[in-house]
Amino acid sequence: MTETLLKKPQNEALLLQAAERYGTPTYVYEASTVRERIERLRSHLRGAPVQLLYAMKANGALPLLRIMKEEGLGIDAVSPAELELALRIGFEGNQILFSANNMTDDEMDFAAQEGVVLNIGELSRLERFGKKYPGESVCIRFNPQIGAGHHRHVITAGEKSKFGIPVAQTDEVLSLAHRFELNICGVHQHIGSGILDTETAWKACAVLLDVAAKFHSLRFINFGGGLGVPYRPGEQPLDMERWEDLIVSPLRTYRDRHPSPDLSFRFEPGRYLVAEAGTLLVRVNTVKESHGRTFAGVDSGMGHLVRPAIYNAYHATYNLSNPNGTCRIYDVVGNICESSDFFARDRAVQEIREGDVLAILDTGAYGISMASMYNIRSLPAEVFIDGTDHVVIRKRESPAELIDRLYPEL
Ligand SMILES: Cc1ncc(COP(=O)(O)O)c(C=O)c1O
């Protein structure tokens, strides 16, 4: 199907200037958008004791992590290196939740020794933790059997999901906790990513609240991340009034019914805070007609932004060099030797000429953090813009620099 609507970037002049100044391909992140999203989310959480953790897997750029710290968010870390990074930036152990999937003993020991609460989603891991750290605090990741998300690959709960302990096994959790005198200080779920359907999200939250009632020393109930953003033109942003009514209001009531000075609710968004703050700038080097299609080939590809290839994800694509051009239909494709290497298919974009700069919008989340150097191509540059300050946070390596780094023996 052909897409005909055009979504415009918020700050065209700034993006064009960045492309000229830093070249392409370059990711640009704007601090103001991140701060605005934090504020927007918080404005819908008032009156409930809520802590926000940032899911750093969405984008681990240092300036973004520093904003999260300044703003008082904690961190959701899912690998030892993410944990190490959070600690080095100065997050305290008690501001971090460690949710590594299929955790190893070494990973468990590392987090435990740093005083970070582990989020455990397997009974066998809970048993190992209990044997080694009897009497310690731990959080349990449950599978509430309800999943949601923008694509089946990002649904992380439900019958087919590898994540979490099924709620039907709550008694086994309680019995392991009893056997090893564990303090279950938190219960957690994360049902998926890119969720715009608040009703389904609420159903899963209600399941977790029921489970929570079976534990008596909880400090937090963590509902995970997943808040979606509108990628397609015409797609409505998450209705935050509705989100507050459906999800936050019952939490206020829950808290009134289970008064405890220590209990807080947690959310751990990634995408919602950073997706719309990022733009990937690419330059067109080839325009060609083939079998009735027009391909615009650019100097970037699925190594830099893999979401279209693996989720068929939509990212609005805007011609910064020809903003008033007449729209024509293009396949915007990358420079990687794969047929899944595309940014946009059958997409109306203002007429594209070789040399034009395109903005691939809403790429602040799961863009650079999922990037690879497939085909031995360098990662894009990354620039962070905060007011009038521009900071190059990653320089684009030349082929020689890249080979020197990867093969120092040559
Ligand atoms: C445990 C956990 N929490 C939070 C998130 C963040 O999700 P999102 O970026 O959709 O908010 C993820 C993403 O995969 C996750 O696995």
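All ligand and atom numbering here is 1-based and tracks the order in the structure.
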Donor-acceptor contact below 3.5 Å, side chain Glu268 vs main chain Tyr54: no
Main-chain N/O of Ser378 paired to His304 side chain as donor or acceptor, under 3.5 Å: yes
For [Y], does the six-membered ring have the charged nitrogen or CZ of [X] within the cation-pi criterion, i.e. under 6.0 angstrom from the centroid and within 45° of the normal?
X: Arg345; Y: Phe342; answer: yes
X: Arg266; Y: Phe220; answer: yes
X: Arg271; Y: Tyr231; answer: no

Against heavy atoms of [X], which atoms of ligand 1 measure under 4.0 Å?
X: Gly225; answer: 4 (C), 11 (O)
X: Pro269; answer: 11 (O)
X: Arg141; answer: 1 (C)
X: Ala55; answer: 4 (C), 5 (C), 6 (C)
X: Arg271; answer: 8 (P), 9 (O), 11 (O)

Among all protein non-hydrogen atoms, which one is nearest to [atom], and what is the separation to 0.1 Å?
atom: atom 9 (O) of ligand 1; answer: Tyr366 OH, 2.6 Å
atom: atom 10 (O) of ligand 1; answer: Ser193 OG, 2.4 Å
atom: atom 15 (C) of ligand 1; answer: Lys57 NZ, 3.1 Å
atom: atom 4 (C) of ligand 1; answer: Glu268 O, 3.2 Å
atom: atom 5 (C) of ligand 1; answer: His190 CE1, 3.3 Å

Do any nitrogen or oxygen atoms of [X] come within less than 3.5 Å of a nitrogen or oxygen of ligand 1?
X: Gly226; value: yes
X: Tyr272; value: no
X: Ser99; value: no

Sub-4.0 Å heavy-atom approach of Ala58 to ligand 1: no
contact_flag Phe163 ligand 1 heavy-atom lt 4.0 Å: no
Name the orientation class of the two ring planes belonging to [X] and [Y] (parallel below 30°, tilted from 30 to 60°, perpendicular beyond 60°).
X: Phe265; Y: Tyr254; answer: perpendicular
X: Tyr29; Y: Tyr27; answer: parallel
X: His150; Y: Tyr311; answer: perpendicular

Any donor-acceptor N or O pair under 3.5 Å, side chains Thr24, Asp299: yes
Within the 6.0 Å centroid threshold, strictly below: Phe223 and Trp202: no
